[in-house]
Amino acid sequence: MDDTTGQLAAAVENAGTPDAETRLELYRLMQSCRVMEQRAYDLFMQNLIKGTSHLALGQEAVAAGFGAAMRDDDYSFCTYRGHNHTLVRGVSMTAILGELMGRECGLLSGKGGSMHLMDIDKGAMGSYAIIGAHMPVAAGAAWSAQYRKSGQVAVCFFGDGTTNIGAFHESLNFAKIWELPVVYVCENNLYMEYTPIAQVTAVANPAADRASAYGLEPVVIDGNDADLVYAVASAALEQARSGGGPSLIEVQTYRHGGHSRADPGKYRPDEEVAAWMERDPITIYRARLLADGVDESSIAEIEAEQAARVDKAEQMARNSGPPPLEIADTDLWADGSSAWRC
Amino acid sequence: MDDTTGQLAAAVENAGTPDAETRLELYRLMQSCRVMEQRAYDLFMQNLIKGTSHLALGQEAVAAGFGAAMRDDDYSFCTYRGHNHTLVRGVSMTAILGELMGRECGLLSGKGGSMHLMDIDKGAMGSYAIIGAHMPVAAGAAWSAQYRKSGQVAVCFFGDGTTNIGAFHESLNFAKIWELPVVYVCENNLYMEYTPIAQVTAVANPAADRASAYGLEPVVIDGNDADLVYAVASAALEQARSGGGPSLIEVQTYRHGGHSRADPGKYRPDEEVAAWMERDPITIYRARLLADGVDESSIAEIEAEQAARVDKAEQMARNSGPPPLEIADTDLWADGSSAWRC
Amino acid sequence: MALLSYREAVSAAIAQEMRRDELVVFLGEDIAAAGGVFKTTEGLLDEFGPMRVRDTPISEQAIVGATMGAAMTGLRPIAEIMFSDFFAVCWDLVVNQIAKTRFMTDGQCSFPLVIRCANGGGARFGAQHSQSVENWAMAVPGLKVVAPSCAADVKGLLAAAIRDPDPVLFFEQKSLYGTKDDVPDGEHVVPLGNARVLREGSDVTIVALAAMVPRAMKAAQTLQDEHSIAAEVIDVRSLVPLDTTTIFTSVSKTARLVTVEENPRLCGWGAEVSSLVAEELFWDLEGPIVRVTTPHVPLPSADALEDAVLPSADRIVASVLQLAD
Amino acid sequence: MALLSYREAVSAAIAQEMRRDELVVFLGEDIAAAGGVFKTTEGLLDEFGPMRVRDTPISEQAIVGATMGAAMTGLRPIAEIMFSDFFAVCWDLVVNQIAKTRFMTDGQCSFPLVIRCANGGGARFGAQHSQSVENWAMAVPGLKVVAPSCAADVKGLLAAAIRDPDPVLFFEQKSLYGTKDDVPDGEHVVPLGNARVLREGSDVTIVALAAMVPRAMKAAQTLQDEHSIAAEVIDVRSLVPLDTTTIFTSVSKTARLVTVEENPRLCGWGAEVSSLVAEELFWDLEGPIVRVTTPHVPLPSADALEDAVLPSADRIVASVLQLAD
Ligand SMILES: Cc1ncc(C[n+]2csc(CCOP(=O)(O)OP(=O)(O)O)c2C)c(N)n1
Ligand SMILES: Cc1ncc(C[n+]2csc(CCOP(=O)(O)OP(=O)(O)O)c2C)c(N)n1
Ligand SMILES: [Mg+2]
Ligand SMILES: [Mg+2]
């Protein structure tokens, strides 16, 4: 067994309350995610977002808790359900909505779409739409940080369903044997697309019950508690940064809506949905802040600020035209071209 | 946790001595493997076996123990290091040596080579040369047996190095959730090709320490003890046959020689090699039989019979010509042709 | 005749074959209870039950490997790989195991299996959910490769694929799922390996596949109406086996060939058809062989960009006109 | 000049580049302590230490994924995939992630990485350790594809690949590892994308790659000696970028083209070259374009059988003669 065993469990156990500023930041981040994705849903319904889009409404505490805990130069890797993970790194909301809408102002000028958001200057190292693929890539970024002695950490988000694919297994073993500074975060929202994870998984906690297979500490936390996510994120980042190697954290959460697009999520029992709606991370956090004596006005200010932000972002994205057609065959190669002959 | 927990451990604990006939059969099987592979080594050195060949000298107790315990219609799946696993199913030694030598009499008429032995009539469902690939295939055969209610079990052999590839992970989870009648056997011989397994694996027992990740019982046994292998094989086969689902068994063993071809295996410490040579499964078993009162003459008889068998097999293979060139493009399709146009 | 969508034809074919042969089983992600993410498999779980129609974890190697193991031990499995792009995560099982094992073992066993997938662009899903990879499959000895362009062929060719004793990769074009078409009533089976001449013409042969077929037909109409060029349009339908007889007969007549493929430029199936004609029918040709392809880039996501790169009827028309010059 | 084997040229190139740039790192199975299963990487661990030359588990997805992650964060990694056949177990990382991410993200990052592998037949290893898959790579937008035929090019092209800002798949032909050749002393770099005319001739152009190059040269000699046919032999060296200028210049002169490829028939790189010529150089041609390929089957293992399917100098000669008829 590893000498770090218990370190993260201890962090969870002793998680205090973050300082006041951090708490408002956590609320701000969650609120920004919420308004942005609600707007994305509306835009989808208006057919202004084509193709598909995978919302993480209900899962905001995870993005916010890690986002607040990460250093600016840390790396984050996420999936198609990665709008929030991208936003919390400080990426422009206009650029995100613009990308979902396929506009010129989009983060990727419309070349990537909702499933592939990346902003490398902010350390948002991409959204990957093939299950598990980004897990070894995150290990590679961590390897690079380790080799360059940069003190950076890579954080990699993925879903419960992802724990059954081969890349999960290879990545965790690989990260552990090289003691890489990478934090793997399994957002267990109980479902793959439409199939309940319990139906297709040999263990109850798809990530945590497998941690020991990689010499890692099993950690399961309430992913709808932003303070707790922040605490465990801080501890895992610190462990990685100080040479203590990788970690695997399972956070329990729930998506309010369906898997993607207009999926109504009808395969989920009503009571289950209702119970989780009760546990909305933002409602809970707002009430907690108030109970802890935070001024309602500072909360309202954040809400107003984010509401204005999303309105402005939507407007700018709407005003942006379609991308110029010339970019359809640029930037395959580093020289900017896509030439395959000479 | 699963209700079968402890079942195999109990079998190991209470492993009695197999009946006299079975014990002679175990000796016979081990001896047949030994003489065949020693001969294969000689033939390789004489350049009569081209390409490559991966011997399992020293690992015979595994093939023999499972071979003796399996029902004739059970399925076995193995790797490039699979000559013994193929032979113990009752496959012709001439056909195996002939295949290694690329002769017309070869098991696959020379089309497959040493890494791809298969004799489907004997339930020897093939040797697979890409690490891990056969693990889900074995699950599929078990699924088929389950669906057809045939009572057959699939046994799948692989090495310690194979536990770090994705297919391992997917297969075990898949086998468990469908409770498939498949027995996975990890032959831990301490090395992948030249790299010690401990250097690249996050846990000490590469298979057993991961069993719980698939809701399976952890089992590690001495793989050089044919009686013990036979006992655990019988228990695992029985569990699978009676609907108790899959199992994962780690057997500790050692290859006497290098990984393949003329690899002298110099990366292994001398003391390690010496210690394991002391634990040669055949020497041990012979001594045990004698100690238990088995007649030296019945042992000698087996030895003479297998010596004669391998001489004859070699002779027949040598006498066989190269395969007819016409077969180089037959049997891609079920109709016997390789036509891609019409 | 019944009007069925391309999507409905998928489940119709599977149901037809499952009724006929209880060795036919079906597995994949979200295919059973949910009826498939493209709703191509609705109703199958209800009719055939959970032992024959099984949801799996996200484990494509396990899915394809299990399909292989089942096929070599007496079943006739059908697997779904949700998007053809995901073949890349289980490619070893497809190309090194399924495709090779019969040959390597001197014909000891065969692999009566089908792997279906949603292939191709047009849905604004971005580069990892939109590519056409039928050329990947065609490049591998031991795989049969089918890609229908209409509901009737989905039903008939999928049924034939399920009955076929060899492994078939079945590429459904996701932008065609909503298209409707007359499908013969009762048992419907279309033998593999027959290209179909959809429109006769004497001036140029246009060979197309899947989503490119309706575009080629539209182009042919424009060529006729606006340029008095009579194009013969052939739906290849099956890349392996490839019906060179039908293609060659047409090219012998028209002396000019244009291929229209959705896969990116390099080493696409059009290159194979072109090289066959350049080798075996050279003396019949009266002009260059033109290939219309997606340029050699991944597919962009924004609608305007995706439309710009996929071969369009206009681009086909322009290519033929250039050839006719 | 120094006489080096093709095998030694691999480590010479890696050492040259690692000395020059400490961001170059190298990982793979058995490459460090053991010096590689083909002994292509001996001495590197000793010289560069375990932080730059690292042994990995049997986890090709982790190897290639880590290579990608390292490349996008400032390193210049080199990965070894032991046999090219094993690309199938990590193909997703190569084709869906590495190849697409720069394009999809509007050029936000580049991927200065190399994946080396042992490719091709002739070693009697059987179908899962012998195939030529350079055509798989060529079919994927976003990958550069290099396959040298001699030690000097191994060193020079591998060095160029390591310096290249884009992902390069580097196919070493395993049957050539033992061949020896003069390699320039000192720093040696051969730019990617230049085919090489190895032998001039006016009657027919023979385009070949890797192990087929010496066979094409042998065939050209026979054609000259026994049939007075002057063949021009071109070593393609790099499939992407493809030097169509050199190939077209030659075909314009000879008016006849034969391609010789080791990959199986369908959708090989020869099909692409043939289709390019059939489209763009049609009017210069005076005869069919002939492709010599391995037939569309997996490689058999027995020496007699393997030799029967791989293109031989004799088969090349026969194909040219048939064309000359
Ligand atoms: C290799 C692969 N297989 C299947 C899919 C299709 N797919 C997209 S999302 C998804 C479910 C993923 O579930 P989970 O990991 O729990 O993430 P969540 O969507 O719940 O965030 C599936 C099966 C895919 N993208 N990649
Ligand atoms: C996917 C894949 N990667 C690498 C190899 C090359 N290779 C062949 S055997 C081997 C070592 C396997 O080790 P282990 O699983 O312990 O089996 P053993 O050889 O010890 O029986 C390796 C790396 C391969 N065949 N397939
Ligand atoms: Mg989920
Ligand atoms: Mg081993």
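Please read these numbers as outputs of a predicted model, since none were measured by experiment. Below, chain A is the first sequence line, B the second, and so on; all start at residue 1.
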J.: What I'd like to find out is whether the side chain of N173(B) reaches to under 4.5 Å of the side chain of S171(B), using heavy atoms alone.
T.: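 Not touching, per the 4.5 Å side-chain cut-off.
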J.: Select, from P57(D), A123(D), A62(D), the one with the greatest count of heavy-atom pairs under 4.5 Å involving chain B.
T.: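 The option with the most such pairs is P57(D).
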J.: Mark yes or no for whether E99(B), through its side chain, and L108(B), through its backbone, hold a donor-acceptor pair below 3.5 Å.
T.: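 Yes.
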J.: Where on Y194(B) is there a heavy atom nearer than 4.5 Å to chain D: the side chain, the backbone, both, or neither?
T.: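 Interface part for Y194(B): both.
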J.: Just checking Y41(B): does its OH atom have more than 12 heavy atoms from other residues, nucleotides or ligands closer to it than 6.0 angstrom?
T.: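 Incorrect, the count does not exceed 12.
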J.: Between the main-chain N or O of T293(D) and the side-chain N or O of R315(D), is there a donor-acceptor pair closer than 3.5 Å?
T.: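 Confirmed, R315(D) side chain pairs with T293(D) backbone.
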J.: Check whether V37(D) gets within reach of chain B through its side chain, its backbone, both or neither, counting any heavy atom under 4.5 Å.
T.: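 Both the backbone and the side chain of V37(D) come within 4.5 Å of chain B.
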J.: Chain D heavy atoms under 4.5 Å from S109(B): which part of the residue, side chain, backbone, both or neither?
T.: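 When you check distances to chain D, only backbone atoms of S109(B) fall under 4.5 Å.
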J.: Among S127(B), C156(B), C78(B), which one satisfies side chain to side chain contact (heavy atoms under 4.5 Å, CB included) with H85(B)?
T.: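 Going through the options one by one, the only one that passes is C78(B).
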J.: If you count heavy-atom pairs under 4.5 Å with chain D, which of K50(B), K266(B), R103(B) comes out on top?
T.: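 It is K50(B).
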J.: Nearest 0.5 Å, please: how far is CG in L27(D) from CD1 in I31(D)?
T.: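 Spacing of CD1 (I31(D)) from CG (L27(D)) equals 6.5 Å.
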J.: Quick one: of Q61(D), R124(D), Q128(D), who has the most non-hydrogen atom pairs under 4.5 Å with chain B?
T.: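 The option with the most such pairs is Q128(D).
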J.: Let me know if D303(D) has heavy atoms under 4.5 Å from chain B in its side chain, its backbone, both or neither.
T.: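 The side chain, not the backbone.
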J.: Apply side chain to side chain contact (heavy atoms under 4.5 Å, CB included) to residues V273(D) and E261(D) and explain how you reach the verdict.
T.: CA-CA 11 Å; V273(D) 170; E261(D) 57 198 313; over 6 Å; no
J.: Side chain from CB out, backbone as N, CA, C, O: work out which of these in R261(B) comes under 4.5 Å of a heavy atom of chain D, or both, or neither.
T.: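 Interface part for R261(B): side chain.
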J.: Tell me the closest heavy-atom pair linking L325(B) and A304(D), and the distance in Å.
T.: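 Of all heavy-atom pairs spanning L325(B) and A304(D), the closest is CD2-O, 3.6 Å.
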J.: Heavy atoms only, distances under 4.5 angstrom: which of T201(B), T195(B), I327(B), I197(B) has the most pairs with chain D? Name it, please.
T.: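 Top count of heavy-atom pairs under 4.5 Å with chain D: T195(B).
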J.: Could you tell me which of I58(D), V297(D), T56(D), D55(D) has the largest number of non-hydrogen atom pairs under 4.5 Å with chain B?
T.: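 The candidate making the most pairs under 4.5 Å is I58(D).
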J.: In terms of heavy-atom pairs under 4.5 Å with chain B, which of H296(D), H129(D), R265(D), E306(D) leads?
T.: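 That would be H129(D).
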J.: Among the options S53(B), G112(B), P322(B), S338(B), pick out the one with the most heavy-atom pairs lying under 4.5 Å from chain D.
T.: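 Maximum pair count with chain D is reached by G112(B).
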J.: Considering only heavy atoms and a distance below 4.5 Å, find which of Y267(B), W340(B), Y80(B) pairs most often with chain D.
T.: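 Looking at each option in turn, the highest pair count goes to W340(B).
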J.: Measuring heavy-atom distances to chain D, does I131(B) have an atom under 4.5 Å in its side chain, in its backbone, in both, or in neither?
T.: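 For I131(B), the side chain is the part near chain D, not the backbone.
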J.: Ring centroid separation for F38(D) and F83(D), is it under 6.0 angstrom?
T.: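 Between F38(D) and F83(D), the centre distance is under 6.0 Å.
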J.: Check for a donor-acceptor pair, side chain of N263(D) on one end and backbone N or O of E134(D) on the other, with a separation under 3.5 Å.
T.: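 Such a contact is absent between N263(D) side chain and E134(D) backbone.
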J.: Name the member of G113(B), G161(B), G110(B) that forms the most heavy-atom pairs with chain D at distances under 4.5 Å.
T.: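 Max contact count across the listed options: G110(B).
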J.: Output yes when a side-chain donor or acceptor of R215(D) lies under 3.5 Å from a complementary backbone atom of P311(D), and no otherwise.
T.: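 Present.
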J.: Counting only heavy atoms closer than 4.5 Å, note whether I165(B) contacts chain D via side chain, backbone, both or neither.
T.: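 Contact with chain D: backbone and side chain both.
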J.: Against chain B, work out which of S301(D), S130(D), S59(D) has the most heavy-atom pairs shorter than 4.5 Å and name it.
T.: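 Heavy-atom pair counts peak at S301(D).
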